[in-house]
A.B. asks: 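I am attaching a structure below and will ask some questions about it afterwards.
So you know, we letter chains A, B, ... as the sequences are listed, proteins then strands, and number each from 1. What you see is a predicted model, and the numbers here were worked out from it, not measured in a lab.
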Amino acid sequence: MRNQQATNLLFELSRPGRRAHRLDDLDIDSPDVEHLIPDEHRADQPPPLPELAEGDVVRHFVGLSTLNMSVDTHFYPLGSCTMKYNPKRNERLASLPGILDVHPMQSEGTTQGLLALLYDLQHMLAEISGLPGVSLQPAAGAHGELTALLVAAAYFRDSGEDRRIVLTADSAHGTNPASAQMAGFKTKAVKSNADGLVDMDDLRAKLDDQTAVFMLTNPNTLGLFDSQIKEITDLVHQAGALIYLDGANMNAILGITRPGDFGADLMHFNPHKTFSGPHGGGGPGAGPICVRDFLAPYLPSPIVDKDDRGTYRLRRPDNSIGRVRSFFGNVGVLVRAYLYIRTYGGEGLRRVSEDALLGANYLLSKVKHIMDVPHGERCMHEFVASATKLKKQHGLSAMDLAKRILDYGFHAPTVYFPLVVDEAVMIEPTETESKETLDAFAEALFRITEEAGDLVHEAPHTTRISRPDDVTAARRPVLRWQPKSETD
Amino acid sequence: MAYLFHTDADRAQMLASIGADSVQQIIDQQVPQDVQLQRPLDLGDAAGELTLESEMRRLAAQNSSASSHACFLGCGAYDHFIPAAVDEIASRGEYYTSYTPYQAEVSQGNLQVMFEYETLITQITGLAVSNASLYDGGSAATEGVLMALASVRNREKVITSEAVHPEYRDILEAYLQNIGATLVTVPVGDNGDSSAIISAIDEQTACVLIQHPNFLGRLEDVTAIADAAHAKGALLVQSFDPISTGLLKRPGDLGADIAVAEGQCLGNPLQYGGPYLGIMACREDLVRRLPGRIAGQTTDRRGNRCWVLTLQTREQHIRREKATSNICSNQTLLALRATVYLSLLGPEGLRETASHCLRKADYAKRRITASDRFDIVHDGPVFKEFVVRDRSDDVDGLLRHAESQGILAGVALGQFDPSMNDCFLVAVTEKRSRDDIDRLAAVLADAPCRSAVASA
């Protein structure tokens with residue numbers, strides 16, 4: 001019989017009266033709870049949480065962990081997500097008590113070490129982006145997008161300009177239009193041309209005195225650097241609008257080019273992508289933003305400043321939009337980003353991007369013999385192949401390919417994104433994979449094309465589950481465990 | 001170098017396969033010369049692990065912390081005890097180096113944790129559905145309001161109270177500024193009654209955002225506010241303290257439609273404010289407005305029970321500009337920690353933790369007010385946090401003095417509200433020993449007053 005300790009739910013393992021955690025007896029005299037909390041506020045019982053021994057809990061969660069693929073255990077070429085190695089030293093150093101146990105409401109006098117680090121990080125991000133104003137506060141990339149758009153909205157409001165439209169590229173991450181909408185803008189999509197770059201005619205047609213911001217990803221989600229970038233930013237600026245750079249792909253251009261230098265006015269970083277912060281099953285990340293000097297007064301509060309005496313202080317920018325998050329931001333993630341940047345230094349960071357480019361172009365040179373790669377011979381840090389031809393010839397969809405590659409011990413590439421490529425398979429090896437791994441991955445892709453048939457359509461075969469029924473999950477949602485008596 | 005792999009021989013072979021002379025050539029083929037950076041980034045030299053470790057230890061030593069000081073600071077971030085098993089499990093690479101579960105087959109660990117987390121959140125909120133987490137308590141409160149605005153059609157007014165965390169209200173203001181909603185903030189009543197907030201609710205009100213226990217530690221009359229909101233067709237969004245549910249009635253039981261919280265207190269370290277854990281749960285009928293990721297149960301092609309991300313039609317990667325939220329990531333690692341924490345505590349452990357907080361806070365109140373210099377500002381019940389008035393009106397000097405004696409004694413309230421310049425907020429968790437509390441009281445009582453210092 002198979003051990004069910006991991007795959008049973010906590011609630012099914014529960015046994016009344018089991019306990020893992022017990023506090024020492026109270027060491028003070030105090031009235032009973034009943035005397036301190038009036039009846040109308042007091043619950044008769046605590047919430048019906050599971051009752052478990054510590055051994056139950058540890059075995060359960062360790063067992064579940066083995067059902068995950070992760071960067072520590074597998075090659076994870078998930079395009080656009082940038083799954084590079086997460087350095088162990090960063091975990092240890094971010095966990096020093098003087099970093100981990102600092103309370104966010106401590107006085108500035110008691111946090112000078114941490115504020116110095118954050119101040120330095122602000123400068124590092126300004127140097128990498130070429131944009132001097134920095135806020136470390138946003139909690140995720142999409143949160144950075146929203147924050148920057150709130151900054152842009154405040155700037156235009158102050159300038160007395162009523163600009164209500166945000167343009168997004170049709171290949172953009174879906175968060176771009178969603179963020180624009182949340183910041184109160186209407187959005188219009190700018191088409192891509194046959195080369196996968198911005199369609200300049202379409203941009204010209206859509207750009208007018210109503211345009212507030214053009215949100216652009218460069219390198220874009222096809223892994224291509226838009227060579228028209230200066231022309232694009234000039235056009236947008238001539239229309240009086242701002243350029244927002246979605247920094248999701250910054251790991252491709254570190255030290256090679258800077259958003260500020262090619263015309264961006266605002267941008268966000270994804271430290272978990274660019275600076276290797278681990279992403280823990282989907283988060284936490286962080287989303288610091290950098291802006292041009294004339295936008296800096298609108299940044300959210302607080303930022304770290306240094307006074308004449310060399311003391312670090314938290315400061316509210318003059319025309320601040322307020323706050324987008326409580327306290328300072330995702331400091332633990334920012335500390336890891338700082339350590340990563342320090343580990344490489346200026347020249348090393350460029351080497352990171354060069355190796356990311358080298359790995360991606362190497363894999364591209366192999367994959368193009370297996371699948372169509374609609375956009376070009378070269379790429380930056382990632383590329384998008386298409387399974388269209390494989391589908392016609394072998395009945396092999398992008399999803400089939402993704403599922404079967406799991407059996408070979410690799411995480412799947414991103415599939416069906418970006419939307420501008422049919423049967424898209426988006427591959428990003430990152431700089432922290434060896435040539436041997438890339439060769440093995442290409443070999444696996446090739447072998448799958450020769451397998452075809454049920455072996456592929458029913459893949460994966462080696463994982464605990466296979467091809468879950470998403471449709472039923474969404475039509476009849478079961479979103480929590482309930483005791484049998486309640487579900488009957 | 002650091003975490004790179006390729007030898008010179010690898011690079012040469014790879015370039016040959018690509019058909020390029022150099023990486024610079026690959027760059028030149030794509031990035032126009034005139035936008036290429038012609039110098040190295042000015043970030044200093046690479047630092048080795050040994051150097052970084054000693055620098056970081058020096059830097060960390062410059063900070064006080066809840067490890068070096070007895071910490072009585074609260075305001076939404078609390079120094080609760082974290083059992084060792086939480087750190088041990090969360091530091092497994094299979095959890096912290098994994099990504100969003102886009103491929104369910106190789107993410108069942110994370111997906112099941114999300115489902116278990118969601119179930120635990122429904123258990124502590126008394127509401128039917130939970131998402132798999134948001135950024136933090138402040139943005140969760142704001143997302144709760146946005147969700148209510150989207151659910152209650154054609155109403156634009158949002159009512160909140162000064163007793164809601166000031167930073168949460170700042171976030172709300174920043175978010176609402178551009179989307180045509182009106183924010184009405186009701187002052188705190190002297191006697192803590194809820195009549196002001198109740199009388200502000202009208203037919204234009206989409207929702208009311210309250211906090212219970214509130215920012216000043218006091219208990220609110222949630223049921224009365226919920227009834228008043230519902231009578232006018234508005235929703236109640238309640239920000240709550242998860243630990244308090246060990247003793248206090250849950251948001252769902254009090255009539256809240258949407259419950260939001262800062263989940264840092266559930267097994268997550270302070271780390272100077274983040275990353276934290278945004279908790280959000282709601283009534284069943286609001287589920288399709290619930291922002292963020294949600295894991296759900298289903299079966300696979302072999303009939304096995306399993307878990308997937310679901311209801312993604314709400315999400316930006318499908319609906320794009322029609323999405324109801326732009327939230328893309330979540331805080332799975334912190335949700336994992338909360339899940340492990342609540343599993344370890346169980347119902348009795350949670351009750352015990354809440355009870356220790358409550359009773360130690362009560363003890364601290366009595367000890368602090370043994371000195372004539374201090375008053376407790378509000379009578380009436382609190383949970384683990386309360387406001388102290390310094391009759392000598394030298395809160396900053398007092399708190400600095402306590403720091404020098406190894407105690408982080410409280411948060412000065414004047415920074416949020418000038419009328420509370422002589423007040424500070426003290427939080428007491430189960431971690432504070434009798435000795436910590438006695439020392440706090442003694443250090444506060446013995447602190448020099450500004451007048452005394454001036455005359456000396």
A.B. asks: Test side-chain hydrogen bond (donor to acceptor under 3.5 Å, both in side chains) on B:His6 and A:Glu433 and set out the steps.
C.D. replies: CA-CA 9 Å; B:His6 308 316; A:Glu433 295 296 338; over 6 Å; no

A.B. asks: Name the region of B:Glu403, side chain, backbone, both or neither, that has any atom closer than 4.5 Å to a heavy atom of chain A.
C.D. replies: side chain

A.B. asks: Which bit of A:Ala153 is near chain B, if near means a heavy-atom gap under 4.5 Å: side chain, backbone, both or neither?
C.D. replies: side chain

A.B. asks: With a 4.5 angstrom heavy-atom cut-off, which part of B:Ala128 approaches chain A: side chain, backbone, both or neither?
C.D. replies: both

A.B. asks: At a heavy-atom separation under 4.5 Å, does A:Arg350 approach chain B through its side chain, its backbone, both, or neither?
C.D. replies: side chain

A.B. asks: Give, as side chain, backbone, both or neither, the part of B:Ala77 having an atom under 4.5 angstrom from any heavy atom of chain A.
C.D. replies: both

A.B. asks: What part of A:Arg92 gets within 4.5 angstrom of chain B, counting heavy atoms only: side chain, backbone, both, or neither?
C.D. replies: side chain

A.B. asks: Taking side chain as everything from C-beta outward and backbone as N, CA, C, O, which of these in A:Thr187 sits under 4.5 Å from a heavy atom of chain B? Side chain, backbone, both or neither.
C.D. replies: side chain

A.B. asks: Which bit of A:Leu78 comes within less than 4.5 Å of chain B, counting heavy atoms only: side chain, backbone, both or neither?
C.D. replies: side chain

A.B. asks: Does B:Gln123 form a side chain to side chain contact (heavy atoms under 4.5 Å, CB included) with B:Leu342? I'd like the steps, not just the answer.
C.D. replies: CA-CA 11 Å; B:Gln123 291 175 332; B:Leu342 287 171; over 6 Å; no

A.B. asks: Examine the side chains of B:Thr245 and B:Arg250 and answer whether a donor and an acceptor come within less than 3.5 Å of each other.
C.D. replies: no

A.B. asks: Could you tell me which portion of B:Leu52 (side chain, backbone, both or neither) has an atom closer than 4.5 angstrom to a non-hydrogen atom of chain A?
C.D. replies: both

A.B. asks: Using heavy-atom distances under 4.5 Å, tell me whether A:Pro31 contacts chain B through its side chain, its backbone, both, or neither.
C.D. replies: both

A.B. asks: Go through the side-chain N and O atoms of B:Ser65 and A:Asp101 and say whether any donor and acceptor fall under 3.5 Å apart.
C.D. replies: no

A.B. asks: Please check if any side-chain donor atom of A:Ser179 sits under 3.5 Å from a side-chain acceptor atom of A:Glu145, or the reverse.
C.D. replies: yes

A.B. asks: Do A:Thr73 and A:Ser70 get their side chains close enough for a donor-acceptor pair, meaning under 3.5 Å?
C.D. replies: yes

A.B. asks: Would you mind checking which part of A:His74 comes under 4.5 Å of any heavy atom in chain B, side chain (CB onward), backbone (N, CA, C, O), both or neither?
C.D. replies: neither

A.B. asks: Checking heavy atoms, do the side chain of B:Glu173, its backbone, both or neither come under 4.5 Å from chain A?
C.D. replies: neither

A.B. asks: At a 4.5 Å cut-off on heavy atoms, which part of A:Tyr85 comes close to chain B: side chain, backbone, both, or neither?
C.D. replies: side chain

A.B. asks: Is a side-chain donor-acceptor pair under 3.5 Å present for B:Asp300 with A:Ser466?
C.D. replies: no

A.B. asks: Using non-hydrogen atoms and a 4.5 Å limit, figure out which bit of B:Val308 sits close to chain A: side chain, backbone, both or neither.
C.D. replies: side chain

A.B. asks: Side chain from CB out, backbone as N, CA, C, O: work out which of these in A:Leu96 comes under 4.5 Å of a heavy atom of chain B, or both, or neither.
C.D. replies: side chain

A.B. asks: Looking at residues at least two apart in the chain, or sitting in another chain, which of them share a salt bridge (Lys or Arg N to Asp or Glu O under 4.0 Å) with A:Glu458?
C.D. replies: B:Arg301

A.B. asks: Using non-hydrogen atoms only, which part of A:Leu406 is less than 4.5 Å away from chain B: side chain, backbone, both, or neither?
C.D. replies: side chain

A.B. asks: Quick check on A:Pro48 against chain B: is it the side chain, the backbone, both or neither that has a heavy atom closer than 4.5 Å?
C.D. replies: both

A.B. asks: Measuring heavy-atom distances to chain A, does B:Asp10 have an atom under 4.5 Å in its side chain, in its backbone, in both, or in neither?
C.D. replies: both

A.B. asks: At a heavy-atom separation under 4.5 Å, does A:Phe185 approach chain B through its side chain, its backbone, both, or neither?
C.D. replies: neither

A.B. asks: Indicate whether any N or O donor in one side chain lies under 3.5 Å from an N or O acceptor in the other, for A:Arg378 and B:Gln29.
C.D. replies: yes

A.B. asks: Does the separation of the ring centres of A:His173 and A:Phe417 fall below 6.0 angstrom?
C.D. replies: yes

A.B. asks: Which heavy atom in B:Arg11 sits nearest to a heavy atom in A:Asp355, and how many Å separate them?
C.D. replies: NH2-OD2, 2.7 Å

A.B. asks: If I measure from the heavy atoms of chain B, does A:Ile341 come under 4.5 Å with its side chain, its backbone, both, or neither?
C.D. replies: side chain

A.B. asks: Go through the steps to decide whether A:His103 and B:Tyr272 satisfy the test ring pair (Phe, Tyr, Trp, His ring centres under 6.0 Å), and finish with yes or no.
C.D. replies: CA-CA 5 Å; A:His103 191 284; B:Tyr272 196 54; 9.1 Å; no

A.B. asks: Check each atom of A:Phe262 against the heavy atoms of chain B and say whether the ones under 4.5 Å are side chain, backbone, both or neither.
C.D. replies: both

